[in-house]
Each structure stands twice: as structure tokens, then as C-alpha cells.
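Position 1 is the first residue of the sequence; numbering continues from there.
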Amino acid sequence: MDEGLTDAPQGVGHGGREVGHVPVLFKEAIDFLAVRRGGTYIDATVGLGGHSYEIAKRLGAPGHLIGLDKDPAALEISRRRLLSQEADWPQVQLLHAPFSEVGERLGATPADGLLADIGVSSLQFDSAERGFSFQAEGPLDMRMNPQAELTADQVVNHFDERELADVIYEFGEERRSRRIARAIVRSRPIRTTAELAVVISAAARPMNQAERRIHPATRTFQALRIFVNHELDELRALVSKAPQVLKPGGRLVVISFHSLEDRIVKDAIREGVKQGYYKPLTKKPVTATQDEIDRNPRARSAKLRAAERV
């Protein structure tokens, strides 16, 4: 996990040009998906529609594109982008739902491809009022779905010290979790992202050059975000349902942004191969080129894995 000199969280990158970004590993994802004209494809994390727009162009009028996202603001933007009046344009169905519900939402028709770009979209990360970043003053929210009940504020200000340390360690892989949790509890109430970042930075000062490469609060913010949004549980649900969702020859393409996610995807594909569901298309995860990283530092931690349903 290496975010460089910023707190750019893993998973930023499935936005669109409306907010100044193109999706991470864009060409690689589309190439592995191998879109067939007239097919049925699912973008399980439609975001701002960057991947979906390219899929739709290749599907043409006979095709069917299904996009899911639990962020209504992102869906509104993607809706304007994807519900085109062009003549040779597929049927587009956009659903306000988490990607874990892909099996229930698809119905009886299996898909030719399933794409998931896991993590925070640029829209979410760049909106201070959403509370995902500590580079701007914002509330401790971090909900991808604003209608969800649990917020980062509730975790930070109401979990006991041991629970908080466990969240930071398990979902942020932060070795200094106990020290950080203790500092947070002693500093309560903490109301903003900037306040939390200051508390964490004081408790977890970098000890060497490697630690100075990332902000001390990066892993804790990652942990809170993943926990609040149940991201790993939803990813497990998605990859477990994928073999039933895809038709023979259908492609599964998943882009992840940290080791916890990548491990889930890798294990699911490996298990699918053992059970005769998949032919792996990537022996090792595909990563961004140096050129892409130079253009978009947020691509540094991206990993793509793909498999074909057999």
C-alpha cells in the first residue's frame, strides 16, 4: 500500500472526465472485458460512467448495459452521460444498489461480462462534505450511500478503544493501531476529518523514510471507510455470485486498490478454477504503467485480475 505524498485512498479512479479523472487501468479493463456487440454487461461500480460509456459504445443498439452504484449522486451524473439518444446505443439500466446485490438485480439472463472497480470514486473523494479525505476540512461521514446508518463519526467517537484499534488494524493493516486508538479516545469528541488527521499524526509520527512517503493518517482513514461501507463483505458477496451471473465465455474483471481486496479477488478466482468455473486470464495482477502513474498517481496501487467463465 503506497499512496505517495498524499492521502489519495486506494480505489479512487473509477470516475469520469466530469471531475478531471479517467478510470484507472481503463484500456486494460476494457480489453479484458472483450465486449461483444449485442451482449449483456454489468458495471457493478458504475461511478461516473467512465467504463460504462466505453462498454455502451461497443455494445450498440442490440446490447444491454446494467450499472449499479450505491451513491445516488454518482448515479445522477452517470445517468446524464449514459442515457444517450444516439441511434446505435444499447438499453441502459442504472440501479441504486450495492454491487453485492448483483445476483438479485440481474434476473434470469446471464451476462457476457462483469466489471467491478472497487473503492472510492473521484466524486466522493474530492467532495469535502463527504468526509473521505483529510486534505480538506469535512465531517466524519465516509458513507458511499448517504442513506446508510453507520458513519465514521459514530466509529471514531463511540467505539471503545479496543474495538477502534481492531477496526484500524484489520481494515487498515496499521501496525500502530493501538496507539492511534488510544489517542483518538483521549481526544474525543472529534468532529472533522482535519481534527482526526491531526490526532493520528501526533500519535503515529513516521519513524523512517519509507513511512514518510505516506501520510500517517492514510491507513486509519482507509480502515474507517472500509468498515463504514462494509466493503470487504460486499466484495466477497460479489465474487461469490459471479460464476452464477456469467454465461460460459463471460468475463470477470475486477480492479482493486489494496492487499485486502486483491487477496479476496485472487482467492475467489483460484477457488473458481479448482471448481471448474473459471479459466484465469491473468497469472499475476495487471498494474498501471509508469506513464499512467505519472499522469495519475492514484493508479499506483491498482491491481486488475480477470477470469473467463467456462
Side-chain angles (χ1 to χ4, degrees), residues 10-17 21-68 78 81-82 84 88-90 92 99 102 110-119 121-122 235 238-239 242-243 245-257 261-262 264-266 268-270 272-273 277-310:
Q10 300 86 345
V12 176
H14 64 245
R17 291 177 178 83
H21 297 287
V22 294
V24 169
L25 295 173
F26 178 79
K27 181 181 184 302
E28 293 86 347
I30 296 300
D31 287 348
F32 274 109
L33 206 57
V35 179
R36 305 170 187 169
R37 179 177 173 82
T40 297
Y41 287 80
I42 304 167
D43 187 344
T45 51
V46 68
L48 304 182
H51 286 120
S52 285
Y53 188 83
E54 184 64 27
I55 294 170
K57 284 198 304 182
R58 300 183 182 213
L59 280 176
H64 184 196
L65 172 63
I66 302 168
L68 288 79
S78 60
R81 186 176 193 182
L82 294 172
S84 172
D88 191 25
W89 201 251
V92 177
F99 52 70
V102 66
D112 295 282
L114 169 60
L115 170 67
D117 181 0
I118 308 301
S121 74
S122 298
L235 179 57
L238 172 70
V239 294
V245 167
L246 293 167
K247 65 174 65 171
R251 298 285 184 90
L252 170 68
V253 180
V254 183
I255 302 172
S256 62
F257 290 83
E261 293 172 342
D262 181 59
I264 291 171
V265 178
K266 178 180 67 175
I269 291 177
R270 181 181 295 164
V273 171
Y277 292 141
Y278 289 136
K279 175 179 72 175
L281 301 176
T282 50
K283 291 184 178 180
K284 294 182 178 180
V286 176
T287 57
T289 63
Q290 188 59 50
D291 181 61
E292 179 174 3
I293 293 170
D294 290 342
R295 287 184 283 109
N296 179 12
R298 294 170 171 178
R300 182 182 293 110
S301 54
K303 294 181 179 180
L304 180 153
R305 293 185 186 270
E308 181 176 299
R309 185 72 165 92
V310 294

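- Across all their heavy atoms, Asp43 and Leu65 have their closest contact at N-CD1, 4.5 Å.
- Between Lys247 and Pro110, the shortest heavy-atom contact is CE-O, 3.6 Å.
- Closest approach of Gly49 and Ser78 over heavy atoms only: N-CB, 4.0 Å.
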Fill in: Ile118 vs Leu235, side-chain contact (heavy atoms from CB on, under 4.5 Å): CA-CA, chis, key distance, verdict
CA-CA 8 Å; Ile118 308 301; Leu235 179 57; 3.9 Å; yes
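- When every heavy atom of Leu82 is checked against every heavy atom of Val92, the shortest pair comes out as O-CG2, 3.7 Å.
- Lys27 NZ: 12 or fewer foreign heavy atoms inside a 6.0 Å radius.
- Here the closest non-hydrogen pair linking Ile55 and Leu33 is CD1-CD2, 3.5 Å.
- Between Glu292 and Arg295, no side-chain nitrogen of the basic residue sits less than 4.0 Å from a carboxylate oxygen of the acidic one, so the salt-bridge criterion is not met.
- Ring-plane geometry between His51 and Phe26 is classed as parallel, the angle between the planes falling under 30 degrees on a 0 to 90 degree scale with a further cut at 60.
- Ionic pairing of Arg251 and Asp112 is not present here: no N-O contact between side-chain nitrogen and carboxylate oxygen is shorter than 4.0 angstrom.
- Judged by distance alone, the side chain of Thr45 and the main-chain N or O of Ala116 form no donor-acceptor pair under 3.5 Å.
- Under the 4.0 Å criterion applied to side-chain N and carboxylate O atoms, Arg37 and Asp88 are assigned as salt-bridge partners.
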Practice prompt. Would you check, one step at a time, whether the test side-chain contact (heavy atoms from CB on, under 4.5 Å) holds for Asp262 with Phe257?
Written response: CA-CA 7 Å; Asp262 181 59; Phe257 290 83; over 6 Å; no
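- Here the rule is side chain to side chain contact (heavy atoms under 4.5 Å, CB included) with Lys279, and of Val273, Ile269, Val310 only Val310 fits it.
- Across all their heavy atoms, Gly250 and Arg36 have their closest contact at N-NH2, 4.4 Å.
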